[in-house]
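Below is one structure, written out as structure tokens; comments come after it.
Below, chains carry the letters A, B, ... as their sequence lines are ordered, and counting in each starts from 1.
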Amino acid sequence: MDASQVRNVGRMLDSLDERDYASKGTKRPEHRAGASYQPEPDDDLSDEWDKRISSIVKKEFEDDDNSDVAGSSSGGAGDSFSNPDAWIQDNTQKRKISAGQEQEKRQRSDAFAQRIDNMKESDFKQAYMANVHGNQMRDASGLSALKRDQMGLVRKEAVDEKLYEDMMQQQNCPKYQKMLEARKKLPSYKMRDEIVDAVRDNQVVVISGETGCGKTTQVAQFLLEDAVADGQGSTCSIVCTQPRRISAISVAQRVADERGENLGKSVGYQIRLEATHPRPEGSILFCTTGIVLQWLQSDPLLSKVSHLVLDEIHERDMLSDFIIAIAKDLIKVRSDLKVILMSATLNAELFSEYFGGCPMLHIPGFTFPVKEFYLEDVIEMTRFKFEDEREVPIWVRKSNKHKDNEFEGMIAPYVRNLERSGKYSCHTLDELYKSTSEKLNLDLVLELLRSINRKEPGAVLVFLPGWADISKLHSLIQGDRSFSRSSHLVIPLHSLMPSVNQREVFNRPPPGVRKIVLATNIAETSITIDDIVYVINAGRIKMKNYDKEANLVTLLPEWVTLANARQRRGRAGRVQEGVCYHLYSRAREQLLDDYPLPEIQRTRLEEIILHVKILRLGSAKPFLAKLMMPPDPNVVDKSLEMLQAINALDESENLTPLGFHLARLPVDPLTGRMLLMAAIFSCVGPILTIASALSFKDPFSVPLGKERIVDEIKKKMSRGTKSDHLMLVNVYDGWEDAWRHREAREYCWDNFLSSAVLEQLRNMRRQFMGLLYEHKFVNSKDPQAAEANRNSDNIALVRAIITSGLYPNVARVLPQRGRPNPHKPRSIRTQYERRVSLHPKSVNEKEREYESPWLMYREKIKSSKVYIHDSSMVPNYPLLFFGRKLNYVDGVINVDDFVRVRCSRHVAHLVQSLRTQLDELLEYKISHPGVTRWNKSSKEGALLHTIVDLISSEKISSSQDNYDYYDDGDD
DNA sequence: GAGCACTGC
């Protein structure tokens with residue numbers, strides 16, 4: 001802050017308590033719902049808030065000369081100079097003085113009541129109170145406390161008749177008849193009566209079956225046809241969930257075809273931002289699991305659903321597991337609701353047991369037989385020779401010690417057995433005795449591909465762990481003369497490559513050409529290639545995991561599970577008999593786990609906890625403990641702590657008003673907070689883009705071999721901002737611009753962008769803006785609305801809003817030691833990791849000069865190193881205004897014991913005063929949603945103007961002086 | 001110097 005800024009801020013702060021409002025002391029009109037709402041001037045500042053601000057400002061300026069701003073002399077630095085996060089502090093203080101638990105409980109509910117009392121009457125207050133009270137009741141008395149306030153499924157005889165006649169007519173139509181012939185060939189069709197009877201006689205049924213049995217397309221149809229034939233069509237409304245958007249659409253289309261209809265009659269689908277709804281009665285809706293989760297917010301009993309079919313639940317994704325637990329409670333209240341759980345055969349019992357041993361039906365699958373070979377067979381076949389163990393450096397051998405034990409204990413004895421059997425050659429046995437035979441070896445894959453080359457025609461699918469291996473194997477094949485371009489079509493397949501959206505991978509190649517697909521586990525479930533005959537299972541899979549000890553997300557290759565191996569094998573037998581090569585021995589197979597850990601045990605739980613809260617399912621821990629395979633309670637605690645730290649939950653685990661907003665936004669809590677702040681600070685445009693890209697995916701699509709070029713494009717698009725997030729804003733704005741000039745296609749092509757992703761981002765921006773409008777933070781649904789964008793061109797402010805969203809994900813670029821070296825990456829650390837690296841895809845990875853040492857990031861993942869995947873350089877003020885707890889000691893402002901900024905006591909004092917008031921204002925705005933008014937004569941306007949002016953005036957280069965002194969660099 | 005895969009009224 002320079003001298004004139006200090007004067008201005010001081011004047012502004014002084015004026016806050018001198019200002020008198022015409023409306024002061026008079027009762028103000030209440031907020032009204034609906035689009036016509038126009039806020040009265042100063043409507044958002046209650047008398048009480050007014051008084052509070054005044055007293056704080058007054059007190060601090062009176063005490064200016066004799067108070068210790070640093071607060072360090074009293075030892076309670078945090079108390080006198082801290083973020084007045086009123087709720088947390090209220091509760092903590094009350095906790096300190098309360099003696100018994102009962103008293104504490106009363107105190108807490110007093111604090112809660114106080115908080116509610118302080119809120120002005122509004123639609124928001126009503127909705128908020130209803131939620132929190134509902135949750136507290138649910139805690140005590142369970143779901144049955146919910147009253148069924150509307151009957152969703154009322155029988156209408158006229159409709160029943162009409163549906164019946166329609167069906168009769170439909171069944172006589174030749175198109176339907178023809179499709180029926182095909183349906184009758186499916187294994188599931190032969191079990192039609194059993195399925196219908198089981199569902200009729202039981203509330204919950206598990207149906208298991210392998211791919212090709214037709215359960216996904218048939219079961220819902222059987223149930224619908226039975227209901228209509230029975231004259232009950234009007235009360236039959238079937239919802240069938242799918243884990244993926246694409247399968248929801250394609251299954252719906254397929255079923256409509258089978259019925260000789262277009263989508264929108266008896267069959268429809270709904271996914272995020274896209275739907276073709278079927279008629280309301282006598283119908284089937286295919287939707288993603290997330291859609292049902294969102295319905296539950298407004299209709300906790302799913303009162304308009306007669307049959308809930310949960311498909312593909314063996315995949316154990318988090319949302320399926322969560323909805324299964326909700327369904328288990330739901331059936332107690334909805335005795336008329338039928339739940340059908342559909343899974344692969346392997347773990348069907350688990351689901352049945354969870355529902356008290358409900359009946360299970362098994363549908364045999366229909367696939368062609370697949371012959372399986374293991375590593376020993378592949379070596380025998382190819383005469384492949386592994387690297388000698390002696391060639392492996394000693395330190396690598398040592399670091400693999402425990403693996404060696406597994407090898408010595410299980411693999412070696414197995415090979416000795418093989419030796420006795422005499423089935424394999426000495427060469428093979430020698431190779432198997434090498435522990436290097438257990439490493440992923442791309443030369444072996446290449447050798448195997450060569451030998452497949454000599455076999456009958458048929459496409460090959462190779463399962464590899466990730467991008468690097470796909471890339472290496474691709475190069476090996478291209479450089480090998482036995483794979484001529486004219487007779488081989490090699491297609492890499494990875495979610496970040498453009499090939500996933502191209503037809504080529506599905507097409508049958510011309511005669512004489514062999515298709516070889518190099519894929520990740522994307523080809524296990526998401527992408528199905530029909531003409532595969534040979535599968536190579538390299539045996540490894542990358543999975544995201546949460547390491548709770550290190551509090552780190554990891555992405556590391558692991559052995560596949562038997563379930564993965566089975567699924568991979570199945571990919572070979574879709575059109576004819578197939579062959580599957582597993583690149584591990586039969587002994588290793590014995591050591592593989594049966595299934596992957598369910599997703600809920602591998603991730604942090606912040607979002608799912610907010611779902612528990614918004615769905616009024618009571619306390620997080622007891623509810624999550626009811627899941628089929630509950631998450632680790634310590635991880636629940638960690639996630640609860642995080643939600644309390646960002647002030648989304650209070651000490652009693654109630655949603656705060658902020659938490660209530662965050663839980664209703666379809667994004668993770670940090671992104672949600674960024675959106676709310678963007679609305680309050682009127683810079684929605686860029687933040688809508690950033691939030692969309694963070695919660696969906698970045699729009700770049702990188703062909704193999706073009707990595708460098710794409711890196712350069714990103715760097716250029718970042719225009720020197722040193723921010724991946726602002727780079728995305730430029731990319732998106734450039735696309736919108738190109739769109740207006742009808743050049744979007746060229747723009748995407750030239751810049752390696754996916755237009756499908758950009759279109760989804762555009763829709764998500766609209767959706768987010770719509771939600772901010774519904775929640776009354778902006779007064780237009782249009783992402784371009786002038787009022788909500790008055791500060792969108794202020795890059796410094798946008799950086800601050802990024803900070804407010806992503807905090808506490810902040811890293812520090814350490815000062816360089818000695819002479820600057822442009823080739824050496826700068827050392828970076830976070831509060832808890834001494835050393836992290838910028839991911840090479842980040843525009844900052846090659847950056848050596850940082851005008852400010854602070855980088856905000858969204859994702860930090862441990863793979864080969866601990867990588868920060870995305871980053872934005874931000875200056876000091878955003879951290880002072882949007883960090884958590886401030887503290888001033890010895891000429892340094894300290895934010896949460898990590899961020900430190902040198903400044904004079906006087907400036908520190910001003911910052912603290914501003915910060916105190918900003919927090920009060922934000923708390924008020926969050927609990928009294930309304931459009932920000934920037935009129936400087938309003939208190940809100942005066943304060944926000946001052947803060948925005950300060951943030952935008954900070955010369956980013958000057959902050960260099962503020963951190964060079966701070967030399968705890970430990971690189 | 002590197003990115004398993006999904007999803008949201």
*asked:* What contact category does A:R708 fall into here, base, sugar-phosphate, or nothing, at under 4.0 angstrom with non-hydrogen atoms?
replied: base
*Considering residues at least two apart in sequence or located in another chain, which fulfil the side-chain contact (heavy atoms from CB on, under 4.5 Å) criterion with A:S723?*
A:T721, A:H725, A:L726, A:R799, A:S872
_Heavy-atom nearest nucleotide on DNA chain B for A:Q297 versus A:M543: which residue maps closer to 5'?_
A:M543
*Could you say whether A:E845 or A:E607 is positioned toward the 5' end of DNA chain B, judged by the nucleotide with the nearest heavy atom to each?*
A:E845
*Scan A:Q767 against the nucleic acid and name what it touches under 4.0 Å (heavy atoms): base, sugar-phosphate only, or nothing.*
sugar-phosphate
_Residues A:E774 and A:R664 bridged, charged N to O under 4.0 Å_ = no
*A:K715 atom NZ, over 12 foreign heavy atoms within 6.0 Å*: yes
*Nucleotide range of DNA chain B lying under 4.0 Å from chain A heavy atoms*: B:dG1 to B:dC9
*Could you check whether A:Q270 gets within reach of a base, just the sugar-phosphate, or nothing at all, counting any heavy atom under 4.0 Å?*
sugar-phosphate
*NA contact type, A:S695, heavy-atom cut-off 4.0 Å: base, sugar-phosphate, or nothing?*
base
*asked:* Regarding A:L293, tell me which of base, sugar-phosphate or nothing describes its non-hydrogen contacts under 4.0 Å with the strands shown.
replied: nothing
*NA contact type, A:L771, heavy-atom cut-off 4.0 Å: base, sugar-phosphate, or nothing?*
nothing
*Using a cut-off of 4.0 Å on non-hydrogen atoms, how would the nucleic acid contact of A:H494 be classed: base, sugar-phosphate, or nothing?*
sugar-phosphate
*Remember a base hit wins even if backbone is also touched, and classify A:N521 as base, sugar-phosphate or nothing at under 4.0 Å, heavy atoms.*
base
*asked:* Once you apply a heavy-atom cut-off of 4.0 Å, does A:I522 come out as touching a base, just sugar-phosphate, or nothing?
replied: sugar-phosphate
*With a 4.0 Å cut-off on heavy atoms, is A:R272 in touch with a base, just the backbone sugar-phosphate, or nothing at all?*
base
*Remember a base hit wins even if backbone is also touched, and classify A:R245 as base, sugar-phosphate or nothing at under 4.0 Å, heavy atoms.*
sugar-phosphate
*Looking at every strand, decide which applies to A:V702 at a 4.0 Å heavy-atom threshold: base, sugar-phosphate, or nothing.*
nothing
_Checking side-chain polar atoms at under 3.5 Å, does A:R858 have a donor or acceptor matched by the opposite partner on A:S871?_
no
*Tell me yes or no: between the side chains of A:D311 and A:T216, is some donor less than 3.5 Å from an acceptor?*
yes
*If you round to the nearest 0.5 Å, how far is CG of A:L771 from CZ of A:R766?*
14.0 Å
_Does A:I861 reach a base, just sugar-phosphate, or nothing at all? Heavy atoms under 4.0 Å._
nothing
_Salt bridge check, A:R316 against A:E599: does any charged N sit closer than 4.0 Å to a carboxylate O?_
no
